[in-house]
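Contents: one structure, followed by commentary.
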Amino acid sequence: MIDPRLLRDDPDTLREAQRRRGASPDLVDELIAADEQRRHSIAAFEAVRSEQKNLGKLIPKAKGEEKQALLAQTKELSAKVKEAEAAQAEAGQAFDALLRALPNPASTDAPEGGEDDFVVLDTVGTPRDFAAEGFEPRDHLELGRILGAIDTERGAKVSGARFYYLTGAGARLELALTQLAMNTASEWGFTPMIPPALVKPSAMEGTGFLGQAADDVYHLEKDDLYLVGTSEVPLAAYHSDEILDADSLPRRYAGFSPCYRREAGSYGKDTRGIFRVHWFDKVEMFVFTTPEEAAAEHERLLGWERAWLDALELPYRVIDVAAGDLGLSAVRKFDCEAWIPTQERYREVSSASNCTQFQARRLDIRVREGDSVSPLATLNGTLCAMTRTIVALLENGQQADGSVRLPAALHPFIGEVLEPIT
RNA sequence: GGAGAUGUCGCAUAGUGGCCUAGUGCGCCCGCCUGCUAAGCGGGUUGAGGUUCAAACCUCUCGCGGGUUCAAAUCCCGCCAUCUCCGCCA
């Protein structure tokens, strides 16, 4: 959530930010009204409560008729206090609900508009020319079959559509990627983490996933727990309700966890293979830092994502995501998209978001700098989403006989070439 | 899953309805004293919110949420967490 003071100090900026996202500025005005209502009810409650406390102090000292009179007076007051308290709580909750629905105002650096209004920042590497090499590239599912690496038929049999088994070389490839990613992140100064993938509503809500993205989240009704769609959730909530010393920042964590996504509203999209699935594993980078450092850290996260794709020798481009496509929490987002030969286009494999103080306010994570305590900034970025990375590696590294040549960085973990099994 | 115990300020502890505006010790911060250090002395030390130019004042905060009461750290109910024991289990 945003700093509520902005509603009083700079509502025009908030209205403009809503417009840039393609959202309605009316919410801002509803919030201003709700804030006034809330403050009014707080003042009313505090006035009667204060009176009640003062009278209460007199009672033990009073005697006889005087005491009886006081008791009658306070009894009446007690009802008023209860009423005022209830009104205050209600106004507070109404305000809070609205406040949590307001997205983080997009950075003015983010392109205006929706999903298609991104700006390409850079393009790296050259897609292979399979025609020149004299063969038609196979897609990752076909390669997965030849290599004995991916089994979607049995995934569907056991768990349903958009599930898969990684088998043999596929399983080994994920483990190799995981090892390389965790080792690399460690070298960069990240603390490796294996967080819980099942979290309480507060963690899910705090990271902003129960807003417009709620339909995409798996919920276990019986236990009121959520399956995380990314380890961003447990990593962000890791320091919830804590105050961190400024000199302990930045804190950088690399979390490895499964990710569960309902993929509501994506029926018919990417139905072939394992590009879009209900579950995959991922190594995610997460940073707690000061608000002043957030923008610079965002660039660093992008730099690490690029270094990772460079190490995997994949052709990719970097886009600056438009304001309307940022989600609830981010002020700016960079996506890295790897070239997928059989789709003849770039597809998202990683994403780096600057959430400034938005998540920290919801999760109550603060930094102490000298005498002041204030919400810190959180950022997250994909290091390696396994399934999409496997898709990219197989398709880009394939050879005419169906074998796949792997990037040098992976050789120590899995060898140089994946060979067909038959 | 069953039984019991515990949950108070950074830490440790006191507090069984109104002198709690939560005391004390440790730690930490500021100052005094002192060849230096230690000790000693004095002061400060949760966080959030409201009124306000400000100063100041006020409200909330004793695991969380309800309730009883004129009044709750204290009594009652529910939940959560931790510990001990039993059962089950990778």
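Because the structure is predicted, anything quoted here is derived from the model rather than measured. Proteins get letters first, then strands, A, B, ... in listed order; numbering begins at 1 in each.
How far OH of A:Tyr164 is from OG1 of A:Thr152: 11.5 Å, rounded to the nearest 0.5 Å. For the atom pair CG (A:Asp139) and CZ (A:Arg145), the distance works out to 10.5 Å, reported to the nearest 0.5 Å.
Of all nucleotides in RNA chain B, those with any atom nearer than 4.0 Å to a heavy atom of chain A start and finish, going 5' to 3', at B:G18 to B:A71.
Cation-pi check for A:Arg252 over A:Phe286 is not met; the charged atom does not lie both under 6.0 angstrom from the ring centroid and within 45 degrees of its normal. For A:Arg38 and A:Phe95, the positive end sits near the middle of the six-membered ring, less than 6.0 Å away and at most 45° from its axis.
Backbone-only engagement by A:Gln52 is indicated by non-hydrogen atom pairs under 4.0 Å involving sugar-phosphate atoms exclusively. Nucleic acid contact for A:Arg8: sugar-phosphate only, since backbone atoms but no base atoms lie under 4.0 Å from a heavy atom of the residue.
Nucleotides B:G63 and B:U82 place their C1' atoms 11 Å apart, quoted to the nearest Å. Separation of the C1' atoms belonging to B:G78 and B:U68 is 15 Å when rounded to the nearest angstrom. The P atoms of B:C57 and B:U45 are separated by 13 Å, rounded to the nearest whole Å. Separating the C1' atom of B:U46 from that of B:C60 is a span of 13 Å, rounded to the nearest Å. Across the C1' atoms, B:C9 and B:C62 are found 9 Å apart, a figure rounded to whole Å. B:U8 sits 12 Å from B:C20 when the C1' atoms are compared, rounded to a whole Å. Separation of the P atoms belonging to B:G15 and B:C28 is 27 Å when rounded to the nearest angstrom. Nucleotides B:A3 and B:U69 are separated by 34 Å at their C1' atoms, to the nearest Å.
Partner assigned to B:U82 is B:A5, using Watson-Crick or G-U wobble distances below 3.5 angstrom. B:G23 is paired with B:U13 under the criterion used here, namely a Watson-Crick or G-U wobble arrangement in which both key atom distances are under 3.5 Å. Pair assignment for B:A38: none, as no Watson-Crick or G-U wobble contacts are both less than 3.5 Å. Across every strand in view, B:U46 sits unpaired, with no contact that passes the Watson-Crick or G-U test at under 3.5 angstrom. In a base pair of the Watson-Crick type (N1 to N3 plus N6-O4 or O6-N4) or a G-U wobble (N1-O2 and O6-N3), with each distance short of 3.5 Å, B:U51 is matched with B:A56.
By the 4.5 Å heavy-atom criterion applied to side chains, A:Gln398 and A:His140 are not counted as neighbours. Two residues are said to be in side-chain contact when any heavy atoms from C-beta on lie closer than 4.5 Å; A:Asp325 and A:Asp117 fail this criterion. Two residues are said to be in side-chain contact when any heavy atoms from C-beta on lie closer than 4.5 Å; A:Gln399 and A:Val404 fail this criterion.
Residue-to-nucleotide proximity on RNA chain B shows that, of A:Ala47 and A:Ala43, the 5′-proximal contact is made by A:Ala43. Comparing A:Lys200 and A:Arg366, the nucleotide of RNA chain B nearest to each residue sits closer to the 5' end for A:Arg366.
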